[in-house]
Amino acid sequence: QVQLEESGGGSVQTGGSLRLTCTAHGDNHNRNCMGWFRKAPGMQREGLAVIDSDGRSFYADSVKGRFTISQDNAHDTLYLEMTSLKPEDTATYYCAAGLPPSCRTPDLVQYGMDYWGKGTLVTISS
């Protein structure tokens, strides 16, 4: 079992930055891929960024160049640095982990993730 807890959400103005943190507790053998996902009201959940156990990261086009995913050496903490934030980035952000068939395309990876946090709300005002 793996327990995930997100933190760092909040409200910022357009153009601002936020750093989200996800703390993982549990068996590292149950996960070789971690990622960040978000869901806005009325929208489908969207994959944003994933990182594998070798540190390779992949991003959705919507956040490429603005968001950066990283993890600590122990793979117990996952980060998402978000810059140049826009109102359309407003959503609840989730951390997830698991053993998906591939840790490459965030939108596809989400269907293979086994563990999810409860989410943290990010609100961007114009």
Side-chain angles (χ1 to χ4, degrees):
Q1 282 288 340
V2 178
Q3 295 81 42
L4 303 172
E5 183 174 6
E6 304 93 341
S7 61
S11 299
V12 297
Q13 292 187 326
T14 297
S17 301
L18 277 176
R19 186 196 205 198
L20 304 184
T21 300
C22 172
T23 303
H25 303 278
D27 190 353
N28 281 356
H29 294 98
N30 289 336
R31 52 187 173 90
N32 61 5
C33 178
M34 296 188 73
W36 288 98
F37 307 83
R38 70 185 178 191
K39 189 177 186 312
M43 305 289 285
Q44 289 190 339
R45 189 175 60 198
E46 177 186 12
L48 303 177
V50 294
I51 188 166
D52 66 19
S53 54
D54 293 324
R56 291 171 296 193
S57 56
F58 303 92
Y59 297 90
D61 289 342
S62 59
V63 303
K64 197 174 294 183
R66 299 191 299 126
F67 291 9
T68 303
I69 190 171
S70 61
Q71 60 189 358
D72 69 342
N73 288 339
H75 300 176
D76 290 334
T77 308
L78 185 72
Y79 304 99
L80 186 68
E81 296 277 359
M82 305 188 293
T83 64
S84 303
L85 285 163
K86 310 173 185 178
E88 51 263 44
D89 292 318
T90 294
T92 298
Y93 284 67
Y94 299 89
C95 166
L99 297 169
S102 170
C103 187
R104 188 174 182 92
T105 305
D107 247 3
L108 298 179
V109 168
Q110 63 178 311
Y111 300 107
M113 294 304 221
D114 303 299
Y115 308 100
W116 292 82
K118 294 182 179 180
T120 185
L121 180 63
V122 171
T123 304
I124 312 303
S125 58
S126 57

Kindly determine whether T120 and T92 satisfy side-chain contact (heavy atoms from CB on, under 4.5 Å), including the steps that lead there. CA-CA 5 Å; T120 185; T92 298; 6.0 Å; no
Start with the C-alpha gap between S62 and E46, add the side-chain angles, then the distance that decides, and say whether side-chain hydrogen bond (donor to acceptor under 3.5 Å, both in side chains) holds. CA-CA 10 Å; S62 59; E46 177 186 12; 2.8 Å; yes
side-chain contact (heavy atoms from CB on, under 4.5 Å) evaluation trace for M82 with V122: CA-CA 11 Å; M82 305 188 293; V122 171; 4.0 Å; yes
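At least one donor-acceptor pair closer than 3.5 Å links the side chain of D72 to the backbone N or O of T77. Under the 3.5 Å distance criterion, the side-chain polar atoms of D107 are matched with a main-chain donor or acceptor of G47. Looking only at distances, a side-chain donor or acceptor of T14 sits under 3.5 Å from a matching main-chain atom of S125. Checking side-chain atoms of R66 against main-chain N and O of S84 turns up a donor-acceptor pair under 3.5 Å. For T90 (side chain) and I124 (main-chain N/O), a donor-acceptor pair under 3.5 Å exists by modelled atom type.
Residues R45 and Q110 have side chains in contact (heavy-atom distance under 4.5 Å, counting atoms from C-beta outward). Side-chain contact between C22 and L80 is absent, with no heavy atoms from C-beta onward closer than 4.5 Å.
Under a hydrophobic-cluster definition in which Ile, Leu, Val, Met, Phe, Trp and Tyr are linked whenever side-chain heavy atoms come within less than 4.5 Å, directly or via other members, M34 and V109 are assigned to different clusters. Taking hydrophobic clusters as Ile, Leu, Val, Met, Phe, Trp and Tyr residues chained together by side-chain heavy-atom distances below 4.5 Å, V50 does not share a cluster with V2. Placement of M113 and Y59 in two distinct hydrophobic clusters is found when ILVMFWY residues are connected by side-chain heavy-atom separations under 4.5 Å, directly or transitively. No continuous path of hydrophobic side-chain contacts links Y94 to L20 [ILVMFWY only; heavy atoms under 4.5 Å]. Both I69 and L85 are assigned to one and the same hydrophobic cluster, defined by single-linkage of ILVMFWY side chains at heavy-atom distances under 4.5 Å.
Here the OG-CD1 distance, from S57 to I51, works out to 5.5 Å after rounding to the nearest 0.5 Å. For the atom pair OG1 (T23) and CG (D76), the distance works out to 8.5 Å, reported to the nearest 0.5 Å. T21 contributes atom OG1, which lies 8.0 Å from atom CD of E81 (distance to the nearest 0.5 angstrom). Note that CG of L99 and OH of Y115 are 7.5 Å apart. Values are rounded to the nearest 0.5 Å. Within the model, atoms CG of L108 and SG of C103 stand 11.5 Å from one another, a figure rounded to the nearest 0.5 Å.
Below 30°, between 30° and 60°, or above 60°: for W116 and F37 the angle between ring planes is between 30° and 60°, a tilted geometry.
The side-chain hydrogen bond (donor to acceptor under 3.5 Å, both in side chains) test with Y93 is passed by exactly one of K39, R38, E6: R38.
Taking the six-membered ring wherever Trp is involved, the centroid distance between the rings of F67 and W36 does not fall below 6.0 Å.
Checked for salt-bridge contact, D89 and K86 miss the test: no charged N lies under 4.0 Å from a carboxylate O. Ionic pairing of D52 and R104 is not present here: no N-O contact between side-chain nitrogen and carboxylate oxygen is shorter than 4.0 angstrom.
Judged by a 6.0 Å distance limit and a 45° cone about the ring axis, R19 is positioned over the six-membered ring of Y79.
The neighbour count for Q3 CD, taken as heavy atoms of other residues, nucleotides or ligands under 6.0 Å away, is above 12.
Annotation for C95 and L78: closest pair SG-CD2, 3.9 Å, computed over non-hydrogen atoms. Of all the heavy atoms in L4 and A24, the pair that sits closest is CD2-CB, 3.6 Å.
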